[in-house]
Engineer: 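I'd like to ask some things about the structure below.
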Amino acid sequence: MAKIPFSERLKSIFGGSKNAEENFFEDLTDALVEGDLGAKNSVEIVDALEAVCKKEKKTSPAEITAELKKILLGYLKPAAIEPENGKVCVFMVLGVNGVGKTTTVAKMSRLYSGKNINVIMAAADTFRAAAVDQISMHGEKLNLRVVKHQMGSDPGAVVFDAADACRAGGGGLVIADTAGRLHNKEHLVNELKKIDRICVSKADSGCYKKILVIDATTGQNAVRQVEAFNEAVGVDAVVLTKYDSTAKGGALVSIGKDFNIPVLFVCTGEKYENIENFNPEKYVDEFLGIE
């Protein structure tokens with residue numbers, strides 16, 4: 001049996017009753033859990049929704065949907081991050097293997113380069129030969145500079161050299177790809193902390209950001225990844241990959257609610273142009289199936 005898209009499940013709940021009956025909010029809670037908001041957040045959100053609807057005597061599906069949208073939007077905010085030419089800006093891009101991190105680095109590089117920012121990609125995932133080759137390939141296709149060292153070399157040194165090259169070129173943006181295997185292991189966390197210290201020392205004041213790439217299809221695993229990386233080095237913004245209107249994607253609500261971390265971009269495909277600024281209103285409308 002084909003799986004019912006999440007937005008259709010919500011529509012069936014809202015459309016199944018003319019009024020907010022007793023089991024309506026329980027069904028809604030279950031749907032939000034299935035939508036990757038997690039049990040705790042789903043219960044808290046629906047409790048808040050039910051309280052508002054009872055207080056203001058809102059019982060129709062349209063009224064309840066509007067209130068739910070308002071609550072969800074309160075947890076979602078776009079990241080306002082714009083590098084400046086003339087300054088050395090560094091983005092350390094984090095994420096576990098398989099989320100599309102290296103491809104996202106290339107997409108971001110193309111996007112900022114299109115805004116006349118001097119972009120340098122740093123191949124700081126030196127543990128995986130494919131990652132260095134992939135960044136090099138993207139650099140050739142996009143006609144952008146890539147700073148790389150030999151496989152197995154010090155990733156911090158790659159970022160160091162990339163930042164120096166950026167400063168020598170009059171400033172711009174270094175976007176650093178980093179290792180993503182075993183993100184909960186001590187030696188990798190220590191490596192990221194070392195890169196973090198180098199980025200802090202090389203970037204101009206206020207020009208260093210840590211951006212975590214998460215996969216829309218991984219649900220609450222994405223929330224746990226945010227927790228792990230945020231604890232290790234801190235996260236300034238997230239980028240959501242592999243997202244389309246049929247993806248559940250509710251993990252972003254949990255990330256905003258639990259960690260107050262904004263969303264920078266949403267990626268919807270493999271092509272370089274498949275990246276857009278996060279639009280909370282559009283996201284919630286798609287999540288709830290509002291047309």
Side-chain angles (χ1 to χ4, degrees), residues 81 83 88-114 117-169 171-183 185 187-203 207-215 225 229 232-233 235-239 241 264-265 267 270-272 274-275:
I81 298 175
V88 175
C89 304
V90 181
F91 289 176
M92 178 164 73
V93 182
L94 308 160
V96 300
N97 288 340
V99 296
K101 181 170 71 271
T102 304
T103 303
T104 300
V105 167
K107 289 177 180 179
M108 291 170 59
S109 298
R110 174 185 176 274
L111 187 149
Y112 286 116
S113 178
I117 300 292
N118 172 35
V119 177
I120 297 175
M121 291 188 281
D125 182 358
T126 60
F127 297 99
R128 194 165 60 94
V132 178
D133 293 342
Q134 203 177 348
I135 282 284
S136 299
M137 177 200 71
H138 288 310
E140 289 177 11
K141 285 185 176 181
L142 296 170
N143 195 29
L144 293 174
R145 182 173 180 181
V146 175
V147 172
K148 60 183 179 179
H149 290 182
Q150 288 185 335
M151 168 77 175
S153 59
D154 179 5
V158 177
V159 176
F160 188 98
D161 288 351
D164 277 353
C166 182
R167 191 170 298 281
L173 173 64
V174 173
I175 303 182
D177 190 23
T178 61
R181 84 233 182 283
L182 304 174
H183 64 279
K185 295 297 182 181
H187 64 282
L188 181 59
V189 169
N190 288 339
E191 198 64 65
L192 291 176
K193 287 181 177 178
K194 180 181 176 182
I195 298 172
D196 180 49
R197 290 193 296 270
I198 290 170
C199 291
V200 169
S201 69
K202 302 299 285 186
C207 295
Y208 168 44
K209 302 297 178 183
K210 289 157 281 191
I211 297 167
L212 177 66
V213 179
I214 57 173
D215 181 340
Q225 290 161 21
F229 281 103
V233 292
V235 174
D236 295 305
V238 298
V239 174
T241 64
L264 183 56
F265 297 119
C267 299
E270 289 296 316
K271 295 180 180 178
Y272 290 131
N274 295 147
I275 183 171

Engineer: Considering all heavy atoms of both residues, which atom of N118 and which atom of G171 are nearest to each other, and what is their separation?
Structural biologist: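 So the minimum-distance heavy-atom pair works out to ND2-O, 3.0 Å.
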Engineer: Who passes salt bridge (charged side-chain N to carboxylate O under 4.0 Å, His left out) against D236, sequence neighbours left out?
Structural biologist: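 Listed in chain order: nothing, the list is empty.
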Engineer: Which pairs of donor and acceptor atoms, one on a side chain in residues 138-149, lie under 3.5 Å apart (sequence neighbours left out)?
Structural biologist:
unit_1: H138; atom_1: ND1; unit_2: Y272; atom_2: OH; d: 2.7
unit_1: K148; atom_1: NZ; unit_2: S136; atom_2: OG; d: 2.9
unit_1: H149; atom_1: NE2; unit_2: D161; atom_2: OD2; d: 2.8

Engineer: Start with the C-alpha distance between V132 and M151, add both sets of side-chain angles, then the distance that settles side chain to side chain contact (heavy atoms under 4.5 Å, CB included), and finish with yes or no.
Structural biologist: CA-CA 8 Å; V132 178; M151 168 77 175; 5.5 Å; no
Engineer: Taking side-chain hydrogen bond (donor to acceptor under 3.5 Å, both in side chains) as the definition, give me every residue that meets it alongside N190, ordered by chain and number, with sequence neighbours left out.
Structural biologist: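 With neighbours one apart ignored, the set is empty.
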Engineer: Can you name the closest pair of heavy atoms from K193 and A232 and give their distance?
Structural biologist: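 Reported closest heavy-atom pair: CE-O, 3.2 Å.
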Engineer: Tell me every residue that passes salt bridge (charged side-chain N to carboxylate O under 4.0 Å, His left out) with D164, counting only those two or more places apart in sequence or in another chain.
Structural biologist: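 D164 satisfies salt bridge (charged side-chain N to carboxylate O under 4.0 Å, His left out) with K202 only.
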Engineer: When rounded to the nearest 0.5 angstrom, what distance separates NZ in K210 from CG in L192?
Structural biologist: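 The CG atom of L192 is 11.0 Å from NZ of K210, to the nearest 0.5 Å.
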Engineer: Are the side chain of T178 and the backbone of V93 linked by a donor-acceptor contact shorter than 3.5 Å?
Structural biologist: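 Such a contact is found between T178 side chain and V93 backbone.
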Engineer: Can you list every salt bridge (charged side-chain N to carboxylate O under 4.0 Å, His left out) pair that touches residues 92-108, not counting sequence neighbours?
Structural biologist: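 Pairs touching residues 92-108 that pass the test: none.
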Engineer: Contact between D125 and T102 at the side-chain level, heavy atoms closer than 4.5 Å - yes or no?
Structural biologist: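 Sidechains of T102 and D125: no contact.
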Engineer: According to side-chain contact (heavy atoms from CB on, under 4.5 Å), who are the partners of T126, at least two apart in sequence or on a separate chain?
Structural biologist: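 So T126 forms a side-chain contact (heavy atoms from CB on, under 4.5 Å) with S153, P155, V158.
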Engineer: Please report the closest heavy-atom contact between P83 and L173, naming both atoms and the distance.
Structural biologist: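 The answer is CG-CD2, 3.9 Å.
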Engineer: Side chains of M92 and V233, heavy atoms from C-beta outward: is any pair under 4.5 Å?
Structural biologist: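 Yes, side chains in contact.
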Engineer: Please enumerate all residues that pass side-chain hydrogen bond (donor to acceptor under 3.5 Å, both in side chains) together with K194, with sequence neighbours excluded.
Structural biologist: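 With neighbours one apart ignored, the set is D154.
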Engineer: Which heavy atom of S201 sits nearest a heavy atom of I198, and at what distance?
Structural biologist: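 Smallest interatomic distance, heavy atoms only, reads OG-O, 2.7 Å.
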Engineer: Testing the basics here: between A122 and V174, what is the closest heavy-atom pair and its distance to 0.1 Å?
Structural biologist: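 Closest approach of A122 to V174, heavy atoms only: CB-CG1, 4.0 Å.
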Engineer: Just jot down the side-chain hydrogen bond (donor to acceptor under 3.5 Å, both in side chains) partners of R167, sequence neighbours excluded, or say none.
Structural biologist: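 For R167, the residues satisfying side-chain hydrogen bond (donor to acceptor under 3.5 Å, both in side chains) (neighbours in sequence not counted) are D204.
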Engineer: Can you measure from CD1 (I214) to OG1 (T241) and round to the nearest 0.5 angstrom?
Structural biologist: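 The OG1 atom of T241 is 8.0 Å from CD1 of I214, to the nearest 0.5 Å.
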Engineer: Is the shortest side-chain heavy-atom distance between F127 and E191 below 4.5 Å?
Structural biologist: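 A side-chain contact exists here, since the closest heavy-atom pair is under 4.5 Å.
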Engineer: Measuring from atom CD1 of I81 to atom CD1 of I211, what distance do you get when rounded to the nearest 0.5 angstrom?
Structural biologist: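 One finds 5.0 Å between CD1 of I81 and CD1 of I211.
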Engineer: Distance check, rounded to the nearest 0.5 Å: I135 atom CD1 versus D177 atom CG?
Structural biologist: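 Result: 4.5 Å between the selected atoms.
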Engineer: Just to verify, what does N274 make a side-chain hydrogen bond (donor to acceptor under 3.5 Å, both in side chains) with, not counting sequence neighbours?
Structural biologist: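 Once residues adjacent in sequence are excluded, N274 has no partner under the side-chain hydrogen bond (donor to acceptor under 3.5 Å, both in side chains) criterion.
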Engineer: Determine the minimum heavy-atom distance between G98 and D215, stating which atoms define it.
Structural biologist: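 Minimum heavy-atom separation between G98 and D215: O-OD2, 4.2 Å.
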Engineer: Say you draw a straight line from CD1 of I175 to NZ of K209; how long is it, rounded to the nearest 0.5 Å?
Structural biologist: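 It is 14.5 Å, given to the nearest 0.5 Å.
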Engineer: Looking at residues at least two apart in the chain, or sitting in another chain, which of them share a ring-ring contact (aromatic ring centres under 6.0 Å, His included) with F91?
Structural biologist: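 With neighbours one apart ignored, the set is Y112.
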